[in-house]
Amino acid sequence: MVKHQPLQVYERQLCLSCLTGIYGCRWKRYQRSHDDTTKWEFLWSLILFFTFSLLLVWFYFWWEAHNDFSEFNWFLYNRSGEWSDGTVPILATTAAGFTYIAFLMILALCHIAVGQQLNLHWLHKIGVSAALLTTSIGFISVNQIWGEEWAVIPISLQATGPFLHLGALVAVTALAWLVAGQVARTEKIRFQVVVLLLYLSVLLGLYMAPLSITSPCIMDHANLTPRPDIIGHQGAPMLAPENTILSFQRALQMNVSGLEADVAISFDGVPFLMRDRTLRRTTDVGKVFPARQLDDASSFNWTDLHSLNAGQWFLKDDPFWTVQSMAQREVMLVGNQSVCSLEQLLRLASLHNHTVVFSLRRPPHRHPCYHSWINDTLEVIRLSGIPQHLVMWTPDCDRGQVRQVAPGLQQTSVEKLPPQVLHQQGISSLLLRYSQASPYDIQEFSRSNVSVTLYTVNEPWLFSVLWCSGVSSVSSEAPNILRKVPYPIWLMSPDEYCLIWVAADLISFTVVVGIFVFQNYHIIRWRLSGMHSYNPEQIMLSAAVRRSSRDVNIMKEKLIFSGQPQ
């Protein structure tokens with residue numbers, strides 16, 4: 001009588017073939033092995049794990065750096081002279097590389113789970129090496145051209161830390177199944193001890209991790225400060241060309257409390273709004289004045305500046321991917337924008353009783369206004385009619401003279417100084433990058449009656465963290481997004497967080513113990529019952545039970561296949 005192989009064995013063999021075939025190109029049953037992984041392949045497993053960890057950090061960095069993508073593209077423009085969204089190829093390659101390496105990691109864990117020997121195919125080794133090399137180059141490049149952005153990682157952990165901890169706890173708890181299986185299968189006591197100690201050390205570290213997690217969003221609800229004011233950085237540059245009247249009008253529609261701009265001085269002494277040193281990126285100077293497109297923006301007189309179009313570039317480059325959603329009338333408005341003067345901005349802000357903050361760039365040395373740039377700007381402020389208390393004055397040059405001419409201006413420093421030094425200099429507010437002030441700094445300045453404005457805050461998670469930190473205002477390129485955040489994304493009291501922490505640890509510990517007991521049930525029963533109650537047949541049976549489950553599976557397969565017709 002011919003015995004047919006059971007369907008479940010065929011299915012198992014098919015799964016094993018796919019598993020070992022994709023990972024190591026071992027598609028045939030005779031190519032697979034239950035032997036211990038060689039030292040060479042074990043080294044490649046460590047390289048794979050290291051590459052996965054490095055890519056995980058790289059992926060997380062770019063995920064959180066989304067707040068500053070505009071700043072990154074501006075850095076690239078200043079280096080290359082051509083505007084492009086450099087984040088697109090980085091995000092695409094990062095997603096592809098991370099998906100590939102994560103897939104190999106899952107396959108490796110599955111090999112361990114079924115007791116198969118790890119044998120990474122040489123093509124995958126090339127892929128892992130390429131991923132490791134390109135990611136390392138990426139870290140070095142970012143460190144050189146955008147090193148200050150690394151600060152986004154510890155800041156973002158204030159928002160994501162508690163949730164990443166819970167996710168890591170779930171993952172490590174699930175790995176208990178693999179660890180317990182390895183301990184149950186192996187006959188080497190030393191290997192069992194090493195694996196157990198390593199796993200339990202990681203698990204204990206995760207249980208205690210909340211002791212090192214700090215977040216301003218873990219606080220009593222009653223201590224939450226009022227919602228920070230939002231200042232439109234260059235207006236609302238996601239909705240209209242930066243530093244144009246339309247951009248500031250759109251920002252006012254988003255209920256901002258102030259407007260921020262970058263100011264330069266024209267050749268004939270008119271302060272105008274321009275972020276870049278040249279006019280190439282945000283105007284059609286290459287078309288109107290092709291021979292002067294690389295000249296400093298301050299070398300143009302106001303008549304020439306006002307004749308340039310400052311909106312067509314926005315429609316062409318679409319820096320924030322928002323043009324496609326615009327109505328035709330809006331597109332026409334955007335396309336007809338011109339360079340805006342400081343006086344126009346001040347009159348608009350005065351009309352709506354809004355604060356204005358601007359950074360003032362000194363003209364080049366041979367410029368006619370090189371020595372009079374401060375007085376020229378103060379004169380425009382006077383002529384605009386805006387109340388002085390609505391203007392945040394940031395230039396450090398000649399502050400004493402500025403106080404005499406315009407004593408009502410809000411003296412604002414862009415340098416982080418101790419509160420007592422700020423008071424001695426008559427400075428009442430700070431304008432800093434969001435990474436320059438910790439929650440402790442913000443609270444210290446607040447107690448000293450120094451208002452703090454942090455830039456550039458575009459993401460709701462960052463706005464929530466700074467809100468919980470007690471910041472008084474933020475400068476944002478995305479007031480249209482932040483207006484939709486009426487409350488911090490998450491906020492919990494210390495008691496609530498402690499309860500979640502303890503509950504998660506207890507559940508994890510219970511699951512881990514249950515998995516180890518289940519995986520090692522026969523060994524535990526044999527050791528607890530004692531050898532004296534066993535007869536010789538029972539001893540042989542116990543030895544068979546303790547035998548490695550992978551060896552038992554091999555014996556079963558041999559018995560099944562031996563009954564097949566030749």
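Two residues are said to be in side-chain contact when any heavy atoms from C-beta on lie closer than 4.5 Å; V474 and W467 fail this criterion. The side-chain heavy atoms of T282 and P241, taken from C-beta on, include no pair separated by under 4.5 Å. Side-chain contact between E64 and I153 is absent, with no heavy-atom pair separated by less than 4.5 Å. Within the 4.5 Å cutoff, the side chain of L104 has no heavy atoms near those of the F52 side chain. Inter-residue side-chain proximity for K484 and M254 is flagged as unmet; no heavy-atom pair is nearer than 4.5 Å. Residues Y60 and S156 have side chains in contact (heavy-atom distance under 4.5 Å, counting atoms from C-beta outward). Counting heavy atoms from C-beta outward, W62 and E149 have side chains that stay 4.5 Å or more apart. At a threshold of 4.5 Å between non-hydrogen side-chain atoms, the residues Q182 and F191 count as touching.
Using modelled atom types and a 3.5 Å distance limit, the side chains of S508 and D505 yield no donor-acceptor pair. Donor-acceptor pairing under 3.5 Å is recorded for the side chains of S475 and E260. Side-chain contact of D85 with T87: a donor-acceptor pair under 3.5 Å is present, judged by distance alone.
Taking a 6.0 Å sphere around CH2 of W63, one finds it holds 12 or fewer heavy atoms contributed by other residues, nucleotides or ligands. Shown here is K416, whose NZ atom has more than 12 heavy atoms of other residues, nucleotides or ligands within 6.0 Å.
Between F516 and Y199, the two ring planes are tilted [angle within 30° to 60°]. The aromatic rings of H121 and H124 sit perpendicular, their planes meeting at an angle over 60°, well past the 30° parallel limit. Using a 30° and 60° split on the angle between ring planes, F72 and W146 fall in the tilted class, from 30° to 60°.
E41 contributes no side-chain N or O that, together with a main-chain N or O of T38, makes up a donor-acceptor pair within less than 3.5 Å. A donor-acceptor contact shorter than 3.5 Å links the side chain of N458 to the backbone of E477. Listed for the T99 side chain is a donor-acceptor partner under 3.5 Å among the backbone atoms of A95.
Separating the CH2 atom in W177 from the CZ atom in F518 is a distance of 5.0 Å, to the nearest 0.5 Å. Residue R483 holds its CZ atom at 12.5 Å from OG of S476, rounded to the nearest 0.5 Å. Interatomic distance, CG of L203 versus CG of L198, reported as 11.5 Å (0.5 Å rounding). Here I47 contributes atom CD1 and L132 contributes atom CG; the two are 7.5 Å apart, rounded to the nearest 0.5 Å. Between the CD1 atom in I101 and the CG atom in L56 there is a gap of 12.0 Å [rounded to 0.5 Å].
Shown here are the side chain to side chain contact (heavy atoms under 4.5 Å, CB included) partners of F163, two or more places apart in sequence or in another chain: W490.
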